[in-house]
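Chain identifiers are assigned alphabetically (A, B, ...) following the order of the sequence lines, protein sequences preceding nucleic acid strands; residue numbering begins at 1 within each chain. Nothing here was measured: the structure is a model prediction, and the numbers come from that model.
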There are 2 protein chains.
Amino acid sequence: MTSGTGIDALDAKLIELLEAEPRIGVLECARRLGVARGTVQARLDKLIARGVVRDFGPRVDPAALGYPVTAFVTLELRQAVGHQPMAQRLARIPEVLEAHTVTGAGDMLCRIVARTNAELQDVIDRVLASEGVLRATTVIALAEQIPHRTLPLVKEAAGLN
Amino acid sequence: MTSGTGIDALDAKLIELLEAEPRIGVLECARRLGVARGTVQARLDKLIARGVVRDFGPRVDPAALGYPVTAFVTLELRQAVGHQPMAQRLARIPEVLEAHTVTGAGDMLCRIVARTNAELQDVIDRVLASEGVLRATTVIALAEQIPHRTLPLVKEAAGLN
DNA sequence: GCATACACTGGTCGATATGACCAGTGGAAC
DNA sequence: GTTCCACTGGTCATATCGACCAGTGTATGC
């Protein structure tokens with residue numbers, strides 16, 4: 001009973017299945033879940049329409065691309081500089097993969113990758129060169145203990161614990 | 001000339017195309033890129049084999065799932081507790097989407113989501129309940145200025161600037 | 001009690017993409 | 001000059017897709 005914004009157990013199992021084996025089609029999903037093909041199709045359409053599933057784009061691994069160094073950089077900005085223009089400047093740096101405005105002492109938190117530690121310094125310098133950055137605090141990611149995941153959350157939302 | 005670990009301009013354009021419209025198939029890609037279908041197939045196979053493209057799994061949006069609050073939590077751990085067992089404990093909390101060991105004052109950096117700010121406190125309490133956590137520093141993400149992206153990096157790696 | 005709305009079933013249909021082949025061509029490296 | 005490799009452009013059978021359809025079951029509201 002797909003209520004309002006919620007997620008169904010079938011929805012969750014569908015997402016889990018696609019997560020595990022993205023190559024299989026709608027038909028194969030239907031077979032494995034034991035439901036009609038049209039049902040899977042309808043569920044998937046609705047999940048996409050509601051924005052729960054954004055897309056099925058290729059997930060690129062920066063490390064395999066030659067950028068094995070990941071760092072999280074907290075920026076302190078001059079108050080006069082808005083976040084929007086700052087984000088635009090950051091967006092021009094390819095190594096900046098992600099940026100959020102945050103609460104606390106810092107104003108922005110960015111995820112940055114680089115080929116080497118030396119090049120990381122280079123990237124940070126480019127960030128610092130942006131007008132309005134007062135200070136950058138960097139922590140380097142030594143290991144990815146939990147790679148980005150959403151499955152457990154999907155199951156939780158579906159009430160499957 | 002797909003050299004060693006590098007990325008080709010054709011590879012980059014292929015990834016870009018798939019990123020923009022994940023639903024189109026190999027055949028359509030070949031048409032748009034102006035190459036033979038077999039070429040696209042071979043390139044894609046190699047990209048996946050090399051790990052540059054991890055998979056084509058569904059990208060789930062936690063906000064659309066009902067978890068609009070994102071926070072980054074830095075954990076200080078008791079030295080005696082290893083990172084591995086800590087990661088295993090964190091992995092049992094569905095709201096922990098990501099975790100890295102990091103340099104600096106903190107020992108681990110986690111990405112956490114929650115339904116509300118009140119529930120965020122709840123999740124953090126669950127994290128703190130884990131044995132070995134001395135302190136947790138939380139910053140809440142107010143806005144996603146740059147959503148997770150890899151395209152600019154792919155182009156950079158391919159030498160397309 | 002009855003009518004409506006909705007989700008799912010199980011079936012068909014034609015159009016299309018897929019993965020597998022193949023011989024032939026061009027360029028680069030040895 | 002020869003070998004290697006990537007790409008081309010073509011064919012083939014199979015499987016899937018997206019679209020339909022009537023029928024069933026359940027929950028809802030009148």
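In this structure, the side chain to side chain contact (heavy atoms under 4.5 Å, CB included) partners of A:Ala143, at least two apart in sequence or on a different chain, are A:Gln145, B:Thr101. Among residues two or more places apart in sequence or in another chain, the side-chain hydrogen bond (donor to acceptor under 3.5 Å, both in side chains) test is passed with A:Gln41 by none. Scored by the side-chain hydrogen bond (donor to acceptor under 3.5 Å, both in side chains) test, A:Glu16 finds A:Lys155 as partners (sequence neighbours excluded). In this structure B:Arg149 satisfies the side-chain hydrogen bond (donor to acceptor under 3.5 Å, both in side chains) test with no other residue, sequence neighbours excluded. Residues satisfying the side-chain hydrogen bond (donor to acceptor under 3.5 Å, both in side chains) test with B:Arg37, not counting sequence neighbours, are none.
Here the P atom of nucleotide C:dA7 and the CG atom of A:Leu47 are 13 Å apart, to the nearest Å. Atoms CG (A:Leu10) and P (C:dA7) sit 13 Å apart, rounded to a whole Å.
Axis angle between the ends of the helix from C:dG1-D:dC30 to C:dC30-D:dG1, five pairs each and rounded to 10 degrees, works out to 40°.
Pairs of residues two or more places apart, or lying in two chains, that qualify as side-chain hydrogen bond (donor to acceptor under 3.5 Å, both in side chains) and include a residue from residues 80-96 of chain A are A:Glu95-A:Arg126. Sorted by first and then second residue, the side-chain hydrogen bond (donor to acceptor under 3.5 Å, both in side chains) pairs with a member in residues 53-69 of chain A read A:Glu19-A:Arg59, A:Asp55-B:Arg59, A:Arg59-B:Asp55, A:Tyr67-A:Arg115; sequence neighbours excluded.
One finds the CG atom of A:Leu14 at 5.5 Å from the SG atom of A:Cys29 (value rounded to the nearest 0.5 Å).
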How would you summarise protein contacts on nucleotides 8-20 of chain D per nucleotide, using B for base, S for sugar-phosphate only and - for none, with heavy-atom distances below 4.0 Å? S-BB----SSBB-
